[in-house]
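Only this structure's heavy atoms are used, side chains among them; waters, hydrogens and symmetry mates stay out.
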Amino acid sequence: MKKILMIGVVIALLLLSPVFYLICAFTLKGPVSDDVFQNMLPAIVNSLEVKIEGEGKETIVFIHGYPDSLELWDKQAAYFKQNYTVVRFTLPGFELEDNGKRSHYTIQQMRIIIDTFIKELGRGPVTVMAHDWGAVYASHYLKEHDLVNRLVLFDIGSFGDEERPAINVKYTLALAIAWTLPDSLGSRLAYYTADKILQIERVDPDKSIDDLRPDARLTYPYWHLWRSVLSKNTTGAIAVEDYGTPFLFMYGKDKEVWFHAESWAQQVQELGKGQIEVVPGGHWFMQSSPDLVNQKLADWLLIQQQ
């Protein structure tokens with residue numbers, strides 16, 4: 001009887017070990033403390049991979065998301081550097097060349113890094129254009145902000161009070177788990193997530209799995225997202241009524257997985273809090289339809305300057 005009981009306990013522990021591992025990973029593998037972060041902040045900002053082009057009086061700062069780098073904006077930079085100063089940087093840990101570091105920062109810490117970076121440019125109020133996680137980080141500029149006088153968010157908006165689609169919950173959790181695993185296993189899970197769970201063609205018909213970087217070192221934003229969800233420490237989205245910055249939301253219409261609610265987009269327009277532009281393409285439409293996107297952005301900027 002004792003032997004059977006012992007075998008049952010061992011089997012139960014084996015079955016539950018992944019659960020115990022995830023609980024420990026999400027509770028013990030925390031970010032640096034705010035005090036340590038503040039001491040590190042100057043070095044973090046100074047170590048960012050940055051590219052500045054053009055000599056225009058007005059400045060555009062481009063912010064990429066997962067799993068990209070500053071190269072995402074090549075076609076926009078080539079166009080806008082003719083009339084603007086174009087600034088791009090790569091999010092910490094997203095460099096094309098793996099430097100072996102595994103620094104990771106909370107959403108709030110990333111916003112402080114970006115604020116500090118923009119402030120140190122010394123260019124006055126800038127226009128921010130942001131995609132994917134870059135748009136998440138930049139969304140706090142929807143409220144009137146001293147550093148930003150215009151904001152463009154690409155393909156990532158808000159679901160407002162609507163429930164998030166099940167696929168969004170599944171893939172973000174899988175990528176969060178990928179961050180907790182050893183690099184090789186985490187990267188395999190990131191690849192599996194893009195290929196089988198999310199099915200990248202559903203997100204952008206112009207992309208394939210070969211176009212992405214299924215690298216677990218890039219998935220830390222999802223880990224921080226889920227850590228805040230599980231600890232019930234999430235920050236609510238800014239109410240549309242409180243938007244105070246001239247705002248353009250642009251999204252691709254040719255996809256099956258959505259990152260905003262139509263009810264939110266309608267509210268933005270009905271309250272006169274921003275402009276909505278729908279363009280051909282999927283999640284990375286700025287790469288597949290660059291000429292159209294660049295022209296729409298230029299037209300919007302021109303109107304805002306009048």
[X] side chain to [Y] main-chain N or O, any donor-acceptor pair under 3.5 Å?
{"X": "Arg202", "Y": "Glu256", "value": "no"}
{"X": "Thr245", "Y": "Phe247", "value": "no"}
{"X": "Ser289", "Y": "Met286", "value": "no"}
{"X": "Arg150", "Y": "Val148", "value": "no"}
{"X": "Arg188", "Y": "Pro214", "value": "no"}
{"X": "Ser187", "Y": "Ser184", "value": "no"}

Cation-pi, Trp258 ring and Lys255 (6.0 angstrom, 45 degrees):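 Satisfied, under 6.0 Å and within 45°.
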Inter-residue atom distance [X].[atom1] - [Y].[atom2], 0.5 Å rounding:
{"X": "Ile63", "Y": "Thr90", "atom1": "CD1", "atom2": "OG1", "answer": "12.0 Å"}
{"X": "Thr127", "Y": "Leu301", "atom1": "OG1", "atom2": "CG", "answer": "5.5 Å"}
{"X": "Leu181", "Y": "Thr219", "atom1": "CG", "atom2": "OG1", "answer": "8.5 Å"}
{"X": "Lys170", "Y": "Ile197", "atom1": "NZ", "atom2": "CD1", "answer": "8.5 Å"}
{"X": "Asn46", "Y": "Glu120", "atom1": "CG", "atom2": "CD", "answer": "6.0 Å"}
{"X": "Leu173", "Y": "Asn168", "atom1": "CG", "atom2": "CG", "answer": "12.5 Å"}

For the pair [X] and [Y], name the ring-plane relationship: parallel under 30°, tilted 30 to 60°, perpendicular over 60°.
{"X": "His145", "Y": "His140", "result": "perpendicular"}
{"X": "Phe62", "Y": "Trp73", "result": "tilted"}
{"X": "Phe89", "Y": "Phe117", "result": "tilted"}
{"X": "Trp179", "Y": "Trp223", "result": "tilted"}

Taking a hydrophobic cluster as the set of Ile, Leu, Val, Met, Phe, Trp and Tyr residues connected by side-chain heavy atoms closer than 4.5 Å, whether directly or through intermediates, do [X] and [Y] fall within one such cluster?
{"X": "Leu198", "Y": "Phe159", "result": "no"}
{"X": "Leu147", "Y": "Ile113", "result": "yes"}
{"X": "Phe80", "Y": "Trp284", "result": "yes"}
{"X": "Phe94", "Y": "Leu70", "result": "no"}
{"X": "Phe249", "Y": "Ile303", "result": "no"}

Give a yes or no on whether [X] atom [atom1] has more than 12 heavy-atom contacts from other residues, nucleotides or ligands under 6.0 Å away.
{"X": "Asn99", "atom1": "CG", "result": "yes"}
{"X": "Gln305", "atom1": "CD", "result": "yes"}
{"X": "Asp146", "atom1": "CG", "result": "no"}
{"X": "Glu55", "atom1": "CD", "result": "no"}

Can you find a heavy atom in the side chain of [X] that is under 4.5 Å from one in the side chain of [Y]?
{"X": "Pro246", "Y": "Asn149", "value": "no"}
{"X": "Gln38", "Y": "Ile112", "value": "yes"}
{"X": "Glu95", "Y": "Ser69", "value": "no"}
{"X": "Tyr79", "Y": "Pro290", "value": "no"}
{"X": "Pro221", "Y": "Val136", "value": "no"}
{"X": "Glu277", "Y": "Leu297", "value": "no"}
{"X": "His131", "Y": "Asp68", "value": "yes"}
{"X": "Phe154", "Y": "Asp132", "value": "no"}

Criterion side-chain hydrogen bond (donor to acceptor under 3.5 Å, both in side chains) on Thr106 and Gln108, from CA distance to verdict: CA-CA 5 Å; Thr106 66; Gln108 183 57 37; over 6 Å; no
Criterion side chain to side chain contact (heavy atoms under 4.5 Å, CB included) on Met250 and Phe285, from CA distance to verdict: CA-CA 9 Å; Met250 189 177 292; Phe285 59 85; 3.6 Å; yes
Looking at [X] and [Y], what are the two nearest heavy atoms and their distance?
{"X": "Ala174", "Y": "Leu189", "result": "O-CD2, 3.3 Å"}
{"X": "Val61", "Y": "Val126", "result": "CG2-CG2, 3.9 Å"}
{"X": "Asp195", "Y": "Ile209", "result": "N-CD1, 3.9 Å"}
{"X": "Val128", "Y": "Ile118", "result": "CG2-CD1, 4.0 Å"}
{"X": "Ala178", "Y": "Ala190", "result": "CB-N, 4.3 Å"}
{"X": "Met110", "Y": "Leu91", "result": "CE-CD2, 3.5 Å"}

Check against side chain to side chain contact (heavy atoms under 4.5 Å, CB included), Lys51 and Glu71: CA-CA 10 Å; Lys51 194 167 187 178; Glu71 285 79 10; over 6 Å; no
Charged N to carboxylate O under 4.0 angstrom, [X] versus [Y]?
{"X": "Lys75", "Y": "Asp291", "result": "no"}
{"X": "Arg217", "Y": "Asp215", "result": "yes"}
{"X": "Arg88", "Y": "Glu53", "result": "yes"}

Polar side chain donor-acceptor pair, Tyr137 to Asp115, under 3.5 angstrom: no
Modelled atom types, side-chain donor and acceptor of Asp299 and Gln295, under 3.5 Å: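 Their side chains do contain a donor-acceptor pair, which is all the 3.5 Å distance test asks for.
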Identified ring pair (Phe, Tyr, Trp, His ring centres under 6.0 Å) counterpart of Tyr66 within the set Tyr220, Tyr222, Trp133: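 Passing option: Tyr222.
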From CA spacing to verdict: side chain to side chain contact (heavy atoms under 4.5 Å, CB included), Val203, Tyr171: CA-CA 12 Å; Val203 177; Tyr171 90 82; over 6 Å; no
Worked verdict on Gln76 versus Met129 for side chain to side chain contact (heavy atoms under 4.5 Å, CB included): CA-CA 10 Å; Gln76 282 65 54; Met129 299 189 181; over 6 Å; no
Candidates Asp204, Asp254, Asp155 - the one meeting side chain to side chain donor-acceptor pair (under 3.5 Å) with His283: Asp155
